[in-house]
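As the structure is a prediction and not an experimental result, all values here were calculated from the model. Below, read A as the first sequence line, B as the second, and so on, with proteins coming before strands; counting in each chain starts at 1.
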Amino acid sequence: MNKKVRVRFAPSPTGGLHIGGVRTALYNYLFAKKYGGDFILRIEDTDQTRFVEGAEEYIIESLAWLGITFDEGTHVGGPHAPYRQSERKNIYRQYAESLIEKGYAYYAFDTPEELEQMRERLKAAKVASPQYNSITRNSMKNSLTLPADEVKARIANGEPYVIRLKVPRKEEIRLYDEIRGWVVVQSHQIDDKVLLKSDGMPTYHLANVVDDYLMKITHVIRGEEWLPSAPLHVLLYRYLDWEEVMPKFAHLPLILRPDGNGKLKKRESGGILTFPLSWHDPITNEDYLGYREAGFLPEAVINFLAFLGWNPGTDQEIFSIQDLIQSFSLERIGKSGARFDAEKVKWFNSVYIRSTDTQKLLPLVKNALSQRNVTGFSDEYISRVIDLMKDRVVTIPDFYGLATYFYQEFDQYDEAMKQKQANAENIQHWQALLPQLKNLNIWDATTIDRIIHDYAEINKVKIGKILPTLRLMITGVSFGPSVPEIMALIGKEKSIQRIEKALLLWTQPTG
RNA sequence: GGUCCCUUCGUCUAGCGGUUAGGACAUCGCCCUUUCACGGCGGUAACACGGGUUCGAGUCCCGUAGGGAUCACCA
């Protein structure tokens, strides 16, 4: 009885897909999957001047990494192909012309200069919002003011023109938004929007309405920045006689900058990441680090993003994408903008790393290591490092950055720690313990641990006094996993060497 | 500036007329522990303001203030 749910994500390939767009895609995806519907990728590339090489591929790859897949789209095809608006160019004109026939649109020949003059004139006359509308259109060059044969002649001569929507002077336009409820706008606040540009391409307004209709889209879920133009779209559906099948609208709250000052932009300071994958902008030549390259897990990014504007109404915070599909609903999307919280993504990531299987983490960690030219360690070895470090890291590179001592030798020691630990008494204890360690035939954490504990007991010294010294000798730092575990993993040879080296260094006068 | 949208701890939020205003991140303290984490326990911390409506308002209405979006032949 109800129509099959069909939603679309419709980015324009003008650059890397940023995190707000990702969330829009995610909500569309969750909504589609929740109701067993279709999710469509439509590329809105009607502005040929803003085309950016590689952007479309980037968008697809980013969403694929996050586990967001499409049922129809430029890359997978589908019954409504093509899905790239530039390739659909010839289907929009007929709709624009049908509006002219019905008296809902008109041809306009004004040059950019003339438009600019008109705006200047209105501004000078203190008009709050200068626009091409029911009043100003009468003093402009268009098919409403020009004689019919001149219009015909101009078009025949190949003079550039646009088609504009003839927005009524005084009409109330009501629009029901699934998130915000009824939104009422007076038509005089909307200008006579260009529908078809002089290069023959449709503008967003025409293209999105025509395509949503042709592709049988049931719900338009998009960012709040579209809310002001939504009434215009309602008008278009009405004039095209499609109001009966007009999709439902849901305008998502914006993702705000961490300081709350405006919506999140592509370039953000403060080290916050706004791209899913690293992106090189071919226009500006700028490089942006992505979540993937920074060592975030896609599941964590998804979980974080899902909660930026939506919540399940329960205390559960950790949701797999399947959980999200099950729990998602438009009703539980908030109305107000959500600030991006860099700390919270990190938290989600650490939670996901902790609960992800070591073997799944292994290739990611190996990749991070090889990028730092750390090679020659077996999968088994790295897996043990992961096990030991798992609940201490925030991102994948931390498996190196917080654990360098598993992979390489060092001669720097945490200064504060050294001041405290490298005293004569501790050095003496380890000079005494060293031979015992050397004598060990079995080299595992339990045995090492027992030797140290036995020594501590016999010599009546607190374990808490001598163990930190050992940590400093073995790792150079003051924190990390169990020292005997580390020693067991790096092996007897390296462990002994590091202790000897430290003892030597610390007993030298120059220390 | 016009129009539209929004407003609960520092942040994300629960709340849909009667709550000790709940949870999470962050932060602080305690416990666990050789350390750092993890985990556990606890603390600090919010209804922007002013009017109504009502027996009763974070919840409904109206103002004010603040924030945001938008005002192109860009999406």
Side-chain angles (χ1 to χ4, degrees), chain A residues 10-14 44-47 49-50 85 108 110-112 115-116 119 123 126-132 160-164 177 179-180 183-186 188-191 193-205 207-208 222-231 251 253-254 256 258 260-263 304 307-318 332 334-348 350 354 389-394 402 417 449 452-453 456 462-472 475 477-484:
Chain A
S12 59
T14 54
E44 311 225 325
D45 56 347
T46 53
D47 185 353
T49 64
R50 293 210 308 158
Q85 288 182 329
D110 315 277
T111 64
L115 292 173
E116 187 50 37
R119 290 194 190 99
K123 233 181 273 175
K126 301 255 194 292
V127 173
S129 183
Q131 51 182 19
Y132 205 122
Y161 66 89
V162 299
I163 295 178
R164 284 183 181 272
D177 183 272
I179 293 171
R180 287 153 217 286
V183 176
V184 181
V185 175
Q186 302 301 325
H188 66 81
Q189 285 150 13
I190 302 171
D191 62 344
K193 282 272 182 299
V194 170
L195 264 20
L196 202 73
K197 300 185 269 188
S198 57
D199 65 358
M201 280 286 191
T203 57
Y204 170 84
H205 306 293
N208 108 87
R222 78 233 297 189
E224 193 189 331
E225 64 265 31
W226 292 111
L227 195 52
S229 59
H251 290 93
L254 264 16
L256 272 21
N261 245 209
K263 72 173 177 177
F304 166 72
F307 271 70
L308 224 47
W310 172 88
N311 79 85
T314 67
D315 282 349
Q316 188 184 341
E317 301 263 350
I318 302 303
R332 296 211 62 87
K335 291 177 167 64
S336 52
R339 292 191 200 189
F340 186 96
D341 182 355
E343 290 305 316
K344 197 106 182 209
V345 218
K346 288 187 195 165
W347 175 74
F348 272 113
S350 62
R354 227 175 290 142
M389 294 300 298
K390 228 181 194 176
D391 56 14
R392 284 161 236 267
V393 304
V394 171
L402 297 179
M417 192 69 172
D449 198 50
I452 299 168
H453 274 87
K462 279 196 173 146
I463 196 81
K465 178 163 173 50
I466 55 171
L467 219 33
T469 314
L470 181 63
R471 172 178 301 283
L472 190 63
T475 70
V477 295
S478 61
F479 55 89
S482 149
V483 188

Self-check item: Side-chain-base donor-acceptor pair under 3.5 Å for Ser198(A) and C73(B)
Solution: yes
Self-check item: Minimum-distance nucleotide to Arg332(A) side chain [options: A14(B), A69(B), U3(B)]
Solution: A14(B)
Quiz item: Just by distance, do the side chain of Gln316(A) and the backbone of Ile318(A) share a donor-acceptor pair under 3.5 Å?
Solution: yes
Exercise. Could you work out which one of C25(B), C73(B), A14(B) sits closest to the side chain of Arg119(A)?
Key: C73(B)
Practice problem: Find the partner of A45(B): check Watson-Crick (N1-N3 plus N6-O4 or O6-N4) and G-U wobble (N1-O2, O6-N3) distances, both under 3.5 Å, and reply none if neither fits. | Solution: none
Practice problem: Return yes if the base of U11(B) and the side-chain atoms of Arg339(A) contain a donor-acceptor N/O pair under 3.5 Å, otherwise no. | Solution: no
Quiz prompt | Val183(A) side-chain proximity, nearest of U70(B), C12(B), C4(B) | solution = C4(B)
Exercise. Answer yes or no: side-chain N or O of Arg354(A) and base N or O of C38(B) forming a donor-acceptor pair under 3.5 Å.
Key: no
Exercise. Would you mind classifying the nucleic acid contact of Val162(A) as base, sugar-phosphate or nothing, using non-hydrogen atoms under 4.0 angstrom?
Key: base
Quiz item: Across the strands shown, which category fits Gly334(A) at heavy-atom distances under 4.0 angstrom: base, sugar-phosphate, nothing?
Solution: nothing
Quiz prompt | Proximal nucleotide (of G23(B), A72(B), A75(B)) relative to the Asp191(A) side chain | solution = A72(B)
Quiz prompt | Distance in Å, Trp226(A) CH2 paired with His205(A) NE2, rounded so as to fall on 0.5 Å steps | solution = 6.5 Å
Quiz item: C25(B) pairs with which nucleotide, Watson-Crick or G-U wobble, both distances below 3.5 Å?
Solution: G10(B)
Quiz item: So how far is it from Thr475(A) OG1 to Met417(A) CE, rounded to the nearest 0.5 Å?
Solution: 7.5 Å
Quiz item: Whom does U53(B) pair with, Watson-Crick or G-U wobble, provided both distances fall under 3.5 Å?
Solution: none
Practice problem: Pick the C1' atom in G67(B) and in C49(B), then give their distance to the nearest Å. | Solution: 15 Å
Exercise. Can you tell me the distance, in whole Å, between the CG atom of Leu227(A) and the P atom of G67(B)?
Key: 20 Å
Quiz item: Expressed as a whole number of Å, how far does the C1' atom of A57(B) sit from that of G10(B)?
Solution: 27 Å
Practice problem: Determine the minimum heavy-atom distance between Asn208(A) and Arg222(A), stating which atoms define it. | Solution: OD1-NH2, 3.7 Å
Exercise. Could you please name the option among C36(B), A75(B), U70(B) that lies closest to any side-chain atom of Arg392(A)?
Key: C36(B)
Quiz item: If you check the Lys263(A) side chain, which of C73(B), U70(B), G1(B) turns out closest?
Solution: U70(B)
Quiz item: Are any of Ser336(A)'s side-chain N or O atoms less than 4.0 Å away from OP1 or OP2 of C5(B)?
Solution: no
Quiz item: Within the pair Lys197(A) and A75(B), is there a side-chain N or O less than 4.0 Å away from OP1 or OP2?
Solution: yes
Quiz item: So, Arg119(A) side chain and Gln131(A) main chain: donor-acceptor pair closer than 3.5 Å or not?
Solution: no
Quiz item: Where the side chain of Val483(A) is concerned, which of C25(B), C5(B), U34(B) is the nearest nucleotide?
Solution: U34(B)
Quiz item: Using a cut-off of less than 4.0 Å, is there contact between a side-chain N or O of Arg471(A) and OP1 or OP2 of A37(B)?
Solution: no
Quiz item: Taking the same atom, P, in U70(B) and in U59(B), what whole-Å distance lies between them?
Solution: 30 Å
Quiz prompt | Presence of donor-acceptor pair under 3.5 Å, side chain of Lys193(A) and base of A72(B) | solution = no
Quiz prompt | Salt bridge present between Arg180(A) and Glu224(A) (N-O < 4.0 angstrom) | solution = yes
Quiz prompt | Gap between atoms CG and C1', on Asp391(A) and C32(B) respectively (whole Å) | solution = 14 Å
Exercise. Would you mind reading off the distance between Lys346(A) atom NZ and C38(B) atom C1', rounded to a whole angstrom?
Key: 18 Å
Self-check item: Candidates A75(B), U11(B), U34(B) - which lies nearest the side chain of Asp341(A)
Solution: U11(B)
Exercise. May I ask you to decide if His251(A)'s main-chain N or O and Asp177(A)'s side chain share a donor-acceptor pair within less than 3.5 Å?
Key: yes
Quiz item: With a 4.0 Å cut-off on heavy atoms, is Ser482(A) in touch with a base, just the backbone sugar-phosphate, or nothing at all?
Solution: base
Quiz item: Counting side-chain heavy atoms from CB outward, which of C6(B), C25(B), A37(B) is closest to Arg180(A)?
Solution: C6(B)
Quiz item: When we call it a touch if two heavy atoms are under 4.0 Å apart, what does Ser478(A) touch: a base, just sugar-phosphate, or nothing?
Solution: base
Self-check item: Spacing between Gln85(A) atom CD and A75(B) atom P, to the nearest angstrom
Solution: 9 Å
Quiz item: In terms of side-chain heavy atoms of Ala338(A), which of U13(B), C4(B), C73(B) is nearest?
Solution: U13(B)
Quiz prompt | Rounded distance in Å between the C1' positions of C62(B) and C41(B) | solution = 47 Å
Quiz item: With both distances under 3.5 Å as the test, what is the Watson-Crick or G-U wobble partner of G1(B)?
Solution: C71(B)
